[in-house]
Each structure stands twice: as structure tokens, then as C-alpha cells.
4 protein chains.
Amino acid sequence: MAYRQTDRVKEKLESKKKEIIRAAREVFAEQSYQGTSIKALAQKAKIATGTFYLYFSNKEALINMIVDEMFHELLDHIKKERAKFTDNYDKLQASMEACLNIFMREKTMAKILLVQVPGVNNAFNAKLIEIENELIKLTKGDLDELKSRGMLPEEDTLVCAMAFVGSFRQVIINWLREGKPENLAEACDTLMAYNLRGLGKQK
Amino acid sequence: MAYRQTDRVKEKLESKKKEIIRAAREVFAEQSYQGTSIKALAQKAKIATGTFYLYFSNKEALINMIVDEMFHELLDHIKKERAKFTDNYDKLQASMEACLNIFMREKTMAKILLVQVPGVNNAFNAKLIEIENELIKLTKGDLDELKSRGMLPEEDTLVCAMAFVGSFRQVIINWLREGKPENLAEACDTLMAYNLRGLGKQK
Amino acid sequence: MAYRQTDRVKEKLESKKKEIIRAAREVFAEQSYQGTSIKALAQKAKIATGTFYLYFSNKEALINMIVDEMFHELLDHIKKERAKFTDNYDKLQASMEACLNIFMREKTMAKILLVQVPGVNNAFNAKLIEIENELIKLTKGDLDELKSRGMLPEEDTLVCAMAFVGSFRQVIINWLREGKPENLAEACDTLMAYNLRGLGKQK
Amino acid sequence: MAYRQTDRVKEKLESKKKEIIRAAREVFAEQSYQGTSIKALAQKAKIATGTFYLYFSNKEALINMIVDEMFHELLDHIKKERAKFTDNYDKLQASMEACLNIFMREKTMAKILLVQVPGVNNAFNAKLIEIENELIKLTKGDLDELKSRGMLPEEDTLVCAMAFVGSFRQVIINWLREGKPENLAEACDTLMAYNLRGLGKQK
DNA sequence: GATGAATGAGACTTCATTCAT
DNA sequence: TATGAATGAAGTCTCATTCAT
């Protein structure tokens, strides 16, 4: 009987991969992608440098997987939260709150997505953009629907969606970088109100 | 006894430095800072690698100069445009329009400041943040004044300023990356209206 | 789960370091320190250039280690030989003979210490000087003792010690560079007699 | 009438060359040959880097010329001083005194010949050796003559000559490097007495 | 599978030398 | 002739990736 990958073996492998990713997230949140060597990474993950290559074909594959993972963590969570509501204004609010919550909970993710990684490598920069655009698309969907129901004035919904997302992004990034505003949850309310007014929501 | 540092020679040297910076801007707009070697840079500028070091002490000095330059180009222009108005709403609008105009005119600057450089090198990342924060500060100044005159509702002006700047940033960045929205000038009007409503401007 | 740092592996690493040092000694005996590139060094040691940096943090660390090593090899041997005698004249003779013997046995050491390295790098030039001065100091110690016992005329013992050491140094260096005098052991006797007369030894 | 190198032109050229050499001596006395760039050299000589190459074909030609010059300065002076005496003991003393005098007068020469240059470049290292050997040869000549007249015991005159020169060399070098012995002239007397005893001079 | 030593391409930078002015 | 900007080979060192154990 030949060697067979039992579930347990598979699981073990998978868990080691997870561990490496976990360590990598931590490191990348502190240092830039380019500034982090595989050796340093391996040390953090408590493996040998060679071992890294048993789990990832190269450095880029790792960051790709990390960003991919974050992509799903983030959007799945957002979609799940949105699904709880039917009103599009509520959906909008739920989206942003979900976003903030996940970033507050997982600061490493926030740092990687918003601070460290951008501008490093055109290849996966694309993936970051994808996340941003996906969020804009969701937002635009809401706006389009509200507009079609006459609940919003006649404005370019793409631009509005960008403004909406961009305003949140800016506040989160400043919070990450400089700790201001101190109370992110409160700022979220202010932002929400700002954007709803901006959209021209009828009271 | 030729080749004295006549004015003409000096001028030529200065223009060569400018040319290197120009080439560097172009390269950095395409590739990341870290991903660009001095050799590649030199090739773009049509000089030998060693020549680069006659004009800049090292790679970091170059990017510092570039970002510094952009910092001044951008903020000087904005301040000049703002100075033409006394009304704070007009100032806000002038700021953003100045920003957009300069980015439309100098796409490489926009790409470097907004797309390529962030997240690469903590040293001058700070300078980029400085630019962003300077703009937020200017905006906040306007909002504070408007608020003190009772022309704005009681909101956290820092958060509002971030939202304001962030919304523009997001639209510009998408335009840079994907060409959408196609008509940036028009989008600017939409954005302006959006933000003025968001601020709670009394008609 | 192989390739642990077993004793055998450790030993191998240590021997590799030794091998690099051995190769370096050989190269430095032929070419100057500055004139030897890491690449050339690596070739001689049959390793890749990068491998060098696994064993030494940089070029200077290597030469430091080499000179340090020689410092101890040389002085330890001299002191050991001196210790066999109580009479200071015997000690003097033992010192010089030990010196000659070690240089005859390890010509690369002699070439590096006496021919190649001096005058190159102020940092470890100091270490070479230290060796020379240590030897002069030992010699002076002997002379002072002899003088205090009235066995030497009233002369400046520092100058005499320098003369003593310098005369040996010159003969060894000429032997290294040009093979003259051919019979170094015999020359040693001549030198010894010369210096003892010079010191004014009472028969 | 074609352009002709008048004497005055020639003289001017020659004097510039001298000036460069003078500056180079000064620099080389402080820094090592390898550690000195042509640019630094040119600055010291108050010429442009390119100008250097109008007077010397390359860096090595300069050091060669310097050492050559020193070779003659030194040996001509020594020979001149020796010529004043007929007794070989007097000649020996005159040689060494001449040597010391010139080194005390021209410390840069001493530093270059004895401290900085050795070990740098096999090519002109040879020339330094030549100087040393020439001095040994002169000394040996004296010893041989004394020996043939029965005024010296039967010893290997080459070794004795080396001892003689080596003892002086050592004292001078220590004086240069560390300022000890403080009084070089006095040390010279001690050394002379030491060596005459060493040679076995009959009183 | 796991290890970490080994590899070598490639980055930055210096500097002897050349060359246009 | 004099200048100093320009050149590019060569040096040091890093690090992603491979490979022997």
C-alpha cells in the first residue's frame, strides 16, 4: 500500500502554512514587503529558510496569498453584514462598519493593506486595487438602487461611491498612522452622517 | 584655460540635474522606487551610472529631492490659488481644483505621490504623509473658520477635513489607475457638491 | 528532520572557516590586502562570494581575525620558549629563535606580517605595530633586568631593544624577499653574537 | 616659425610637475597610496583632476617618480656625506647620520618610505627594497673592507650589514610612529655605539 | 519533510581615466 | 594647456532561491 496523504497529514501541512502566513502578516505589518527577508520571515515563523519554500513557491506567492486571504476575509465579512439589511442606507452603513470593525480587530491587516504594501509591486498592487474597487462597486450598487427609487438626487453614482469609500479610507489611514482621530468608532458616526448628507439623503 | 564654470556651463549642469529628475519621475511613475535600480535610472536619463552620483549623493537623496520638489509645487500652487479668495467655501473649492489641475497636468507626479511611493521607505514616506496632512490641515482651517462663524454644524472638523480630502484623493487615484471617471473636471464638480452637502453647508 | 547542528556539522563549519582563513593567508602572502578582492579570495577558497559573508561579516573582520591569530601564535610561542630559561641572555636568545622558527615554518605568516600588510589600513596596522612593540617590550624587560644586575653597561635599554629586534627583523625580511642569507639558522647565530656584543655582554 | 619649447616653457612645466609631487608627498605621508584618490591629490595640488594626467601617465607613474626621487635624494646625500671620510668606521657613521638627518628634515619622506607605502603594490615595493638594499650594500662594502684589513672579526658581513641597517630602521620607524625615542640624535649615538660593539670594533 | 549552508545574480557606490570644451 | 564632467569597470555586500544532508 503506497503512501497516502491522510487527512491528518494534510491538516498538519495546512496548519503550518497558516502559521507561516500568520507570522508573515505580523512582520509585514511592521516592515515593508521589500524590506523583509525570507530569513527574517522564517525566524518569525520558527522555521528554516528552506522550509519556507516547501509551502510557497516564492516570496511573491506568499504576499499574493496573504492579500487574497485578506480580500476574502474583508469582503466576505462585509457581504455578510450587509445581508442582514434590506434598506440600502442600512447596507451602506453596515458595509462601512464591517470594514472598520475588521480593521480595528486586525490591525496587521489594515497596516498591510493600507500602509505597507501599496506601491511595492505592480503585480499584486493590482489585487489591492481589486479590493478597493470591489468595495466601491458594492457602494455604487447601493447608490444606484437608491437613485432608481428616487431617494437620491441625480448625481454620478460612481463618483459618489468613490467619495464615500475614499472618505472612510482616509480616516482609517490617519488613525493607523498617527492615532488620530483617537476614537475611530465615534469618527465613524461623523463620517456616516457626513456622507449621507453628501449623498443628499432625504430625511 | 577653458571649461571654466561660466554661467553657460553652470546652466547646463543645472539642466542636467533637472533632466535626471525628470527621467526619475518618469521611471518612478512606472516602477516602484525600490524596484528601480540606479542603472535603470541612468539609462532612462541617458547617462552612465557613475554620473548619477555627480548629481546626487545617493538614491535616497534623489527621491527626497523629488518629493520635496513635489511638496512645494503642489502646496505652493494650492496656496496661491486659495489666496485669490476670501470666502472659505471658495478657498476649499480653489484648493481642490488646484490639486486636480496640477495632477492632471503632471501625471507622473500624481502617480508617484499617490500610487507608487507609499509604503516603501519609511524615511520619505513621512514626507508624503506630510503633504497629505498639510492639505488636511489647510482644509481643517477652513472648516474651523466656517464653524466659528456658525456656517457649519457642530461636527469634528478634523474628521470632516479628512473625509473631504479623502474623497478627492480616491477619485483622483481611480482616474489615474483606471481612467475612471473619464471626465475628471466634471467629477470635481460632483465631488465639490457632495462634500459641501456633507459639510452641511447652508445654502 | 535532518541537518541538525550536530557536532559533526559544527566541526565541518569550523573547518570551513579555517579553510577560508588558510586560503586568505595564502592570497594575502602573495597580493596586498587592498589588492585582493573578495571574489578572488572566494575563488582561492573554492567558495562563492556570498559564502564568504556567512563566515565573516566583512573583509576587515577577516584580516582582523588573521592578524589576531598570528599575534597569538607568535607571542604565545615566544613566551613559551622563553619560559624554559631563567637567564635573561638565554631568554633573549630563545625569543629570537622562537621567532625565526615560526617564520621559517609559516612563511605566509611572515610575509603577511612583515611584507604585505604594513602601511595598508590604519585600523589593523595598529595591531601589527602592537606585535612589534610587544616583542620590543619583552626584550627591553630582559635588558632592564640585566642592567639592574650590572651585567650591562649604562645604555638606553629601549633603543637597545629596538636595535636588537630591528636587526633580526631586517635579516628575516631579506630572507623572505630575496632568499638571502640562504641559511637563516646560521645567520641567527651571527646575529645573536652581534647583538650580545652590541649590548656589551661581559664574557 | 613653428612652436618651440623654449626653456622658460619647459621650466614652467617642470615646476608644475614638482608642485604636484610636493603635494603628493604631503598627502601620501598622511594617507595610504590606495586610500588617496587622484581627485584629492589634485585638490591638494590646486589643479583639476584632468590636469594631473598631463603630467603623469597614471597614478602609478606618480608614486614611481616619488620613490625614485626619494631614492636619489637619500642615497646621493648619503654618498656625499660618506665621501668626506676615508676611514670606514667614519663612513658607516656618516651614512647613518646622513640618513637620520634627511629623515628628520623630511618627515614626509620618512613616513612614505617607512610607514605608508610598503605592502601596497608589488610593482614599486621593489623600488623601496632597492633603497634598503642599496644601503645594506654600502654598509657591507665598508664591513668587507674593514674585515679585509683585519679590523673586524670573521663574521658574515651581509648579515652584519643587515643588522646594522635594521637596527637604525627600527629606531627611526618607532620614532616616526610613536615619537619614541624622543631624542633621535641621542639615540643615534647609542645605536652607533651598539653597532660598533656588535661589529666587534677594536678600540 | 526539514534544515540551514551555499550559491550567484544584482544592487549600490567609488574612482582611475578620458574627453569635450 | 587646463578644466572638471562623464564614463564604466570593479569592488563590497545582500538576499531570494537551491541543495546536500
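Below, chain A is the first sequence line, B the second, and so on; all start at residue 1.
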Can you tell me the distance, in whole Å, between the [atom1] atom of [X] and the [atom2] atom of [N]?
X	N	atom1	atom2	result
Gln31(C)	dG11(F)	CD	C1'	14 Å
Leu41(D)	dG4(F)	CG	P	15 Å
Gln43(A)	dC15(F)	CD	P	12 Å
Leu54(A)	dG4(E)	CG	C1'	12 Å
Ile47(A)	dT3(E)	CD1	P	8 Å
Ile63(C)	dT12(F)	CD1	C1'	16 Å
Ile20(C)	dA5(E)	CD1	P	12 Å
Tyr55(B)	dA6(F)	OH	C1'	8 Å

- request: Report yes if the side chains of Ile66(B) and Met70(B) come closer than 4.5 Å at any heavy-atom pair, otherwise no.
  value: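 Ile66(B) vs Met70(B): side chains touch.
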message: Within the 4.0 Å heavy-atom criterion, would you say Phe56(B) contacts the bases, only the backbone, or no part of the nucleic acid?
response: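 No contact.
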message: So Lys46(D), base contact, sugar-phosphate only, or nothing? Heavy-atom distance under 4.0 Å.
response: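 It contacts nothing in the nucleic acid.
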task: Working to the nearest 0.5 Å, report the span between CD1 of Ile112(A) and OG of Ser32(A).
output: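 Rounded to the nearest 0.5 Å, the CD1-OG separation comes out at 11.5 Å.
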message: Using 0.5 Å steps for rounding, measure from the CG atom of Leu41(A) to the CZ atom of Phe28(A).
response: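 Separation between the atoms: 5.5 Å.
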I'd like to check the side-chain contact (heavy atoms from CB on, under 4.5 Å) partners of [X]; sequence neighbours left out, ordered by chain and number.
X	answer
Thr49(C)	Lys39(C), Ala42(C)
Glu130(C)	Phe71(C), Lys127(C)
Lys59(C)	Tyr33(C), Ile38(C)

message: Once ring-ring contact (aromatic ring centres under 6.0 Å, His included) is applied, do any residues pair with Phe52(D), and if so which ones, sequence neighbours excluded?
response: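 In terms of ring-ring contact (aromatic ring centres under 6.0 Å, His included), with neighbours along the sequence ignored, Phe52(D) is linked to Phe56(D).
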message: Between Lys18(C) and Glu14(C), does any side-chain N to carboxylate O distance fall below 4.0 Å?
response: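 Judged by the 4.0 Å cut-off on N to carboxylate O distance, Lys18(C) and Glu14(C) do not form a salt bridge.
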field: Passing option when Arg25(D) is tested against Glu19(D), Glu30(D), Glu73(D) for salt bridge (charged side-chain N to carboxylate O under 4.0 Å, His left out)
entry: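 Exactly one candidate clears the test, Glu73(D).
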message: One character per nucleotide, please: for nucleotides 14-19 of chain E, 5' to 3', B when the base has a protein heavy atom closer than 4.0 Å, S when only the sugar-phosphate does, - otherwise.
response: B-SBB-
field: Duplex segments of DNA chain E, taken as runs of at least three Watson-Crick or G-U pairs that stay under 3.5 Å
entry: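 Counting only runs of 3 or more consecutive pairs, the stems involving DNA chain E are E:2-21 with F:2-21.
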